[in-house]
Amino acid sequence: MANEPRDAALASKAWPYEEARKLLARYPQGTPAKGHVLFETGYGPSGLPHIGTFNEVLRTTMVRHAFESLSDVPTRLVAFSDDMDGLRKVPDNVPNPKMLAENLGKPLTRIPDPFGKFESFAHHNNAMLRDFLDRYGFDYEFLSATEYYTTGRFDDALRNVLRHYDAIMGVMLPTLRAERQATYSPVLPIDPRSGIVLQVPVEVVDAEAGLIRYTTPDGDTHTTTALGGAAKLQWKVDWAMRWVALGVDYEMAGKDLIDSVTQSSKICRILGAKPPEGFNYEMFLDEHGEKISKSKGNGLSLEQWLTYGPQESLAYFAYREPKRAKALHIGVIPRAIDDYWKSVADYPEQGLPQKLGNPVHHIHNGTVPAEPLPISFGLLLNLVGVIGDADQQVVRDYLQAYRPGTQHPALDALIGHALAYHRDYVAPTLARRAPTPEEATALKDLDARLANLAGSDDLAAAAQNEVYEVGKAHYGQERLRDWFKALYETLLGSEQGPRMGSFIALYGLDNSRRLIAEALAAAE
């Protein structure tokens, strides 16, 4: 990070530092025998990657950076794709569902790509994942389960599983229903004829040779190798085996996997290793309160978020309160953008402990943008809403009139995001209503007061004062909320809005008075 004193980082209550301290305690003697600390994130390419996947890599990267600020031990981050899993259900958001249905049960790397672009469904989704991560600039290594199984890189670890087969069964069987216990096996042979990953009981014939025996659903008994990609492991066993084989030191997981972490940790110990450090985060929910899912496609895509907001706003949203369930939908983007930029503005004046707890410190690895945004995204949205058919230059012209000489490296992109968000999600909902007689009287008073503000040195402050005074005069202190709501609904066409003084200064005094005139005309 930005060379912050380690003692301050060691005392910080920011969750990435709290997680990093677990790794310091894991290796009190310093560098582990393998020469580095290994962070892992796992991904199942049975569906298109979504923001939940991005979120896990981002948060893990934040912990990695925090650890690097506390220790000189080298680190690695691997993104592991479980692409040898058998496809269990057809996702709702991909083409050619009939073709996928015909290949249910086969490893994902042996199923044709329904998009027709890659050699398999897994290769397509893996490519999406890598593009997903590369665009943000993550420093990671991509690993494929299929490659590790088929090239024999997992063979020694598989032999270790076979040696401890009975002990692993002792962990797993009590967690299963009776009917599942009858068919469960830690090892899943792949049928050489159908190519399907079989869910059948397996007998270990020779652990050192990697030989197993099983009976297919058709009644045929086979004695065959479990090595070289001829079989794979049930995922909880697979997870533990991978921790051991790769030497994973840190991996976080969603709250829905707490039991899985518990079982995999037990198996990891049976295999002779210490389970990785990590914590369980809460899940992202859609606008209906349901967990986002790759197969349902009910979560936001990275492309959607980046259409309406910058990647820093997504990182800000992911950083905050990782152990609290949060709704993830289009409507959260504007708030995330403004909260991000507020944190950027706060950062320079904060003391070191506050800086280390500021989300932007972790988003930018200590190198935070120095210049705050000259206008809020919410205000930009309101401006675009009243302009109508605006483009980048029109919005720019308003900003220059509002604050001559305004320049900011992020501003053009934010104007584009505001135009897109307004076009797709705000414009269809805008509907200015006519003011009531009481509201019309107050609007006439406001218009008369605004007419006297031409040439004001600080139009935003002066206009805000007049808005407030009109509200007190006509609504009283106890009903000011009703006054502001009336302004938003009659002038802007929405239930919520900006600080009106700032809006009037941005949109211009004459234009703002024209809005009032249009509202009054609608009341006649």
Side-chain angles (χ1 to χ4, degrees), residues 38 40-47 52-53 56 78-89 105 107-108 143-146 148-149 154-190 196-204 207 212 214 226 229 231-281 283 291 293-295:
L38 184 65
E40 181 183 60
T41 63
Y43 165 68
S46 58
T53 310
E56 188 167 309
V78 297
F80 194 95
S81 173
D82 295 310
D83 55 17
M84 209 168 151
D85 284 353
L87 181 65
R88 292 184 292 274
K89 61 179 293 188
L108 295 162
L143 304 184
S144 160
T146 297
Y148 268 66
Y149 272 104
F154 276 159
D155 281 356
D156 285 343
L158 287 168
R159 292 187 183 96
N160 196 21
V161 169
L162 296 179
R163 292 187 200 106
H164 297 89
Y165 192 87
D166 290 340
I168 292 171
M169 289 285 280
V171 169
M172 292 305 304
L173 289 181
T175 69
L176 305 173
R177 298 188 305 272
E179 62 182 53
R180 184 72 181 97
Q181 289 179 358
T183 61
Y184 179 81
S185 168
V187 181
L188 305 176
I190 298 175
I196 290 175
V197 180
L198 298 175
Q199 301 272 352
V200 293
V202 166
E203 175 190 353
V204 177
I212 57 173
Y214 65 92
K232 72 174 299 293
L233 299 179
Q234 288 276 10
W235 86 269
K236 292 178 185 178
V237 185
D238 183 278
W239 205 8
M241 178 275 293
R242 188 198 316 160
W243 289 343
V244 178
L246 301 179
V248 176
D249 294 302
Y250 188 89
E251 182 163 5
M252 58 178 62
K255 186 178 179 180
D256 58 334
L257 297 182
I258 287 177
D259 288 342
S260 299
V261 171
T262 299
Q263 306 310 322
S264 295
S265 295
K266 292 178 181 178
I267 295 168
C268 182
R269 293 186 182 95
I270 289 172
L271 297 177
K274 182 179 180 181
E277 311 299 327
F279 83 125
N280 296 103
Y281 55 82
M283 309 307 294
K291 188 182 82 169
S293 163
K294 293 189 296 291
S295 60

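Sequence positions, counted from 1, serve as the residue numbers for this chain.
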| said: When you compare the side chain of W239 with that of Q263, does any pair of heavy atoms fall below 4.5 Å? | reply: no
| message | Does any part of the side chain of V187, heavy atoms only, come nearer than 4.5 Å to the side chain of Y214, both counted from C-beta? | response | no
| Rounded to the nearest 0.5 Å, how far apart are CG of L143 and CG of D82? | 11.0 Å
| remark: One should read off an interatomic distance between N160 CG and I168 CD1, to the nearest 0.5 angstrom, of 7.5 Å
| Is the side chain of D83 donor-acceptor paired with the backbone N or O of S144 at a distance under 3.5 Å, no angle test? | no
| message | Run the ring-ring contact (aromatic ring centres under 6.0 Å, His included) test against F154 and tell me which residues pass, sequence neighbours left out. | response | Y148, Y149
| When you look at Y43 and E56, which way does the side-chain contact (heavy atoms from CB on, under 4.5 Å) test go after all the steps? | CA-CA 10 Å; Y43 165 68; E56 188 167 309; over 6 Å; no
| task | To the nearest 0.5 angstrom, please state how far the CG atom of L233 sits from the OG atom of S185. | result | 9.0 Å
| task | Mark yes or no for whether S264, through its side chain, and K236, through its backbone, hold a donor-acceptor pair below 3.5 Å. | result | yes
| Between A231 and P189, which heavy-atom pair has the shortest distance, and what is it? | CB-CA, 3.7 Å
| said: Tell me if a side-chain donor or acceptor on Y165 pairs with a main-chain N or O of V202 at a distance below 3.5 Å. | reply: yes
| message | Just checking K255: does its NZ atom have more than 12 heavy atoms from other residues, nucleotides or ligands closer to it than 6.0 angstrom? | response | no
| task | Starting at CE of M283, measure out to CG of D256 and round the result to the nearest 0.5 Å. | result | 4.0 Å
| remark: Sorted by chain and residue number, the side-chain hydrogen bond (donor to acceptor under 3.5 Å, both in side chains) partners of R269 (sequence neighbours excluded) come out as none
| task | Measure across M84 and K232 and return the closest heavy-atom pair with its distance rounded to 0.1 Å. | result | O-CD, 3.2 Å
| Do D259 and T175 pass the side-chain contact (heavy atoms from CB on, under 4.5 Å) test, and can you show the C-alpha distance, the side-chain angles, and the key distance before you say yes or no? | CA-CA 9 Å; D259 288 342; T175 69; over 6 Å; no
| Derivation and outcome, side-chain contact (heavy atoms from CB on, under 4.5 Å), residues T183 and Q199 | CA-CA 7 Å; T183 61; Q199 301 272 352; 5.7 Å; no
| Rounded to the nearest 0.5 Å, what separation is found between the CE atom of M169 and the CG atom of L176? | 8.5 Å
| query | How long is the span from the CG atom in L257 to the CE atom in M252, to the nearest 0.5 Å? | reply | 13.0 Å
| query | Are I267 and M172 close enough that some pair of their side-chain heavy atoms sits under 4.5 Å apart? | reply | yes
| task | For P45 and S81, work out which heavy atoms get closest and say how close. | result | CG-OG, 3.4 Å
| said: Please give me the minimum heavy-atom distance between C268 and A240, naming the atom from each residue. | reply: N-CB, 3.7 Å
| query | What is the ring orientation for F279 with Y281, classed by angle as parallel under 30°, tilted 30 to 60°, or perpendicular over 60°? | reply | perpendicular
| field | Partner of P107 under side-chain contact (heavy atoms from CB on, under 4.5 Å), chosen from L188, L87, I190 | value | I190
| note | Between I270 and A167, the two heavy atoms sitting closest are CD1-O, 3.7 Å
| message | Do Q234 and Y184 have side chains that approach each other closer than 4.5 Å (heavy atoms only, starting at C-beta)? | response | yes
